[in-house]
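This report refers to the structure that appears directly beneath it.
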Amino acid sequence: MKLITLILSLLVSSAAVAGQGLIINAAEIGVGKFHRYDNKVHAYAENNAWKPYVLPDSGSLQTPIVYPNPDGSVTIQFSTLEELLRTAIQVSAKADAKIQVLNINGHGLPGGMWYPKDDAQLKSSECASWRSSAAAPDKENYGQYYSPVPKYEIFMLKQSASHPAHYACVTGLPEWTEIAGRIPNLRGYFADDAQIHFLSCLVGYGNAGEVFSQGVAALILSANGKAMVKSSLKFGLGDWSMPEGMGFWDYVTDEQLDHDNAIYPVNKKDREIAQTGTVRASHFFGGAWGSHLIADQNYMVLGMAYPGFSNPGRVAVSPKFTMNPLDAAKMPMMVRIPGTTARAVRLR
């Protein structure tokens with residue numbers, strides 16, 4: 001595993017010496033290529049929240065690609081969950097600083113994100129579509145991001161949230177549990193009040209989103225009420241026009257959907273279709289792991305501030321879902337990965 005040695009002095013001076021934890025900005029390599037092309041079409045300002053996710057112009061796409069940012073954060077461009085977590089703890093250990101914020105930017109759906117769990121899965125037929133997307137030219141990743149989403153695909157995605165399931169090459173809670181089990185003392189590399197942000201479409205939506213978000217929190221974070229996992233209940237927006245953080249979008253009416261689908265592939269501007277959204281904040285409270293839902297958010301900020309929301313919003317405890325075995329029979333056999341033209345088959 002290759003790490004850039006030059007980042008270590010920066011990490012020690014900007015994080016450890018200052019007594020602060022690390023902020024790690026992680027981007028699945030295909031999304032990193034999207035940001036690289038988007039940055040060339042509309043140059044990201046230095047204070048744009050997505051600036052750290054731009055894949056550098058270099059000849060190699062061999063991951064992990066690790067580099068420091070002017071604000072003291074570190075970026076990891078990755079291909080698999082295991083690669084991401086092992087690289088993150090190496091950066092943490094060598095900088096002698098615990099991870100305060102782990103931002104993970106990629107394509108997702110309720111209860112998981114679209115990238116392989118490890119090298120073996122990456123090479124399997126299950127991840128053929130992901131490999132094709134990750135290897136595609138930057139312009140192709142860019143164009144797919146602005147694809148219109150038909151109404152039936154939106155509702156198929158929401159139906160997939162009724163019951164945790166496994167879709168091809170999607171890392172859900174079972175995959176996180178498996179990979180975390182391979183890394184000794186993974187929890188020990190995260191600060192007591194650490195936050196993990198899933199910057200992706202629908203990851204926190206529905207039953208699948210609740211099980212995943214709370215499960216990852218319990219797997220990695222401290223049970224002290226401060227550490228939390230944040231995920232979105234809507235589709236995520238994260239191009240050049242959303243410099244504050246991840247925005248939100250969803251179906252509201254047929255008229256709204258027709259309007260948005262007509263202008264989005266042409267204007268290629270997230271801001272034009274942005275809505276307020278709801279963030280799931282999963283943490284330990286009331287003697288158990290649970291979630292609060294924070295509504296009326298303009299965007300999900302990517303920094304540390306607790307509770308870290310863009311405005312106070314309306315706070316409610318997430319309702320507890322009843323696990324109905326019959327729900328599994330209603331799950332779509334195939335769903336489209338938002339932000340791509342790829343479709344994932346349900347394996348179980």
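Numbers here are sequence positions counted from 1.
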Contacts of [X] that satisfy salt bridge (charged side-chain N to carboxylate O under 4.0 Å, His left out) - sequence neighbours left out:
{"X": "K40", "value": "D57"}
{"X": "E126", "value": "none"}
{"X": "D118", "value": "R182"}
{"X": "K269", "value": "none"}

[X] and [Y]: which non-hydrogen atoms are nearest, and at how many Å?
{"X": "N207", "Y": "S162", "answer": "ND2-O, 3.1 Å"}
{"X": "G206", "Y": "R280", "answer": "O-NH2, 3.7 Å"}
{"X": "T171", "Y": "F212", "answer": "O-CE1, 4.0 Å"}
{"X": "V101", "Y": "L302", "answer": "CG1-O, 3.7 Å"}
{"X": "V54", "Y": "R36", "answer": "CG1-CA, 3.7 Å"}
{"X": "P52", "Y": "T75", "answer": "O-OG1, 2.7 Å"}

Do [X] and [Y] belong to the same hydrophobic cluster, where Ile, Leu, Val, Met, Phe, Trp and Tyr are linked whenever their side-chain heavy atoms lie under 4.5 Å apart, directly or via other members?
{"X": "V345", "Y": "V335", "answer": "no"}
{"X": "L84", "Y": "L61", "answer": "yes"}
{"X": "L257", "Y": "I263", "answer": "yes"}
{"X": "V31", "Y": "L237", "answer": "no"}
{"X": "M113", "Y": "L347", "answer": "no"}

*Worked check of side-chain contact (heavy atoms from CB on, under 4.5 Å) between L122 and S79*: CA-CA 8 Å; L122 182 154; S79 296; 4.0 Å; yes
Does any donor atom in the side chain of [X] or [Y] lie under 3.5 Å from an acceptor atom in the other side chain?
{"X": "Y53", "Y": "N105", "answer": "no"}
{"X": "E28", "Y": "W130", "answer": "yes"}
{"X": "D270", "Y": "Y146", "answer": "no"}
{"X": "H283", "Y": "Q214", "answer": "no"}
{"X": "E210", "Y": "Y205", "answer": "no"}

*Any idea how F198 and W176 line up, ring-wise: parallel (<30°), tilted (30 to 60°), or perpendicular (>60°)?*
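Rings of F198 and W176: perpendicular, over 60°.
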*Take the angle between the ring planes of W50 and H35 and call it parallel below 30°, perpendicular above 60°, tilted in between.*
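Correct class here is parallel.
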To the closest 0.5 Å, what do you measure between [atom1] ([X]) and [atom2] ([Y])?
{"X": "T278", "Y": "I294", "atom1": "OG1", "atom2": "CD1", "value": "8.5 Å"}
{"X": "I76", "Y": "I29", "atom1": "CD1", "atom2": "CD1", "value": "12.5 Å"}
{"X": "S213", "Y": "K230", "atom1": "OG", "atom2": "NZ", "value": "12.5 Å"}
{"X": "I23", "Y": "D71", "atom1": "CD1", "atom2": "CG", "value": "6.5 Å"}
{"X": "Y251", "Y": "K234", "atom1": "OH", "atom2": "NZ", "value": "13.0 Å"}
{"X": "F248", "Y": "S232", "atom1": "CZ", "atom2": "OG", "value": "5.0 Å"}

_Please determine whether side-chain contact (heavy atoms from CB on, under 4.5 Å) holds for the pair M246 and M242, giving the CA-CA distance in whole Å, both sets of side-chain angles, and the decisive distance to 0.1 Å._
CA-CA 7 Å; M246 189 176 76; M242 301 296 298; over 6 Å; no
Test your reading of the model: is there a side-chain donor-acceptor pair from [X] to the backbone of [Y], 3.5 Å cut-off?
{"X": "Q297", "Y": "A295", "answer": "yes"}
{"X": "K33", "Y": "A136", "answer": "yes"}
{"X": "Q144", "Y": "N141", "answer": "no"}

*With T177, which residues qualify under side-chain contact (heavy atoms from CB on, under 4.5 Å), at least two apart?*
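Residues passing side-chain contact (heavy atoms from CB on, under 4.5 Å) with T177: L173, L219.
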_Assess the residue pair V170 and L109 against the criterion (side-chain contact (heavy atoms from CB on, under 4.5 Å)); give the C-alpha distance rounded to whole Å, side-chain angles, the decisive distance to 0.1 Å, and a yes or no._
CA-CA 8 Å; V170 172; L109 68 168; 3.6 Å; yes
Pairs in or reaching into [range]: which pass salt bridge (charged side-chain N to carboxylate O under 4.0 Å, His left out), with residues at least two apart or in two chains?
{"range": "residues 139-164", "answer": "K151-D254, E153-R336, E153-R343, K158-D250"}
{"range": "residues 108-117", "answer": "K117-E178"}
{"range": "residues 100-111", "answer": "none"}

*Pick from F235, Y299, Y264: which one makes a ring-ring contact (aromatic ring centres under 6.0 Å, His included) with W249?*
F235
*Hydrophobic side-chain clustering at under 4.5 Å (ILVMFWY, transitive links): who's grouped with Y152? Put none if nobody.*
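Y152 shares its hydrophobic cluster with M156.
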*Within a strict 4.5 Å, meaning less than it, do heavy atoms of the W114 and S129 side chains meet?*
yes
*Stepwise, does the side chain to side chain donor-acceptor pair (under 3.5 Å) test hold for Q121 with T80?*
CA-CA 9 Å; Q121 189 181 46; T80 74; over 6 Å; no
_Chi angles and distances behind the side chain to side chain donor-acceptor pair (under 3.5 Å) call for T340, S133_ = CA-CA 8 Å; T340 77; S133 178; over 6 Å; no
_Which residues share a ring pair (Phe, Tyr, Trp, His ring centres under 6.0 Å) with H259, sequence neighbours left out_ = none
_side-chain contact (heavy atoms from CB on, under 4.5 Å) for Q100 and K98? Distances and angles first, verdict last._
CA-CA 6 Å; Q100 195 84 61; K98 292 195 174 186; over 6 Å; no
_N25/N103 under side chain to side chain donor-acceptor pair (under 3.5 Å): CA gap, chis, key distance, verdict_ = CA-CA 5 Å; N25 306 299; N103 293 315; 3.1 Å; yes
*asked:* Under 6.0 Å between ring centres: does that hold for Y44 and H42?
replied: no
_Y145-H107 aromatic ring centre distance below 6.0 Å_ = no
*Run the side chain to side chain donor-acceptor pair (under 3.5 Å) check on E244 and N48 step by step: do they pass?*
CA-CA 7 Å; E244 306 93 342; N48 188 307; over 6 Å; no
*Mind checking what makes disulfide bond (SG atoms under 2.5 Å apart) contact with C201, not counting sequence neighbours?*
none
_Residue pairs fulfilling disulfide (SG to SG under 2.5 Å) with at least one residue in residues 97-134, sequence neighbours excluded_ = C127-C169
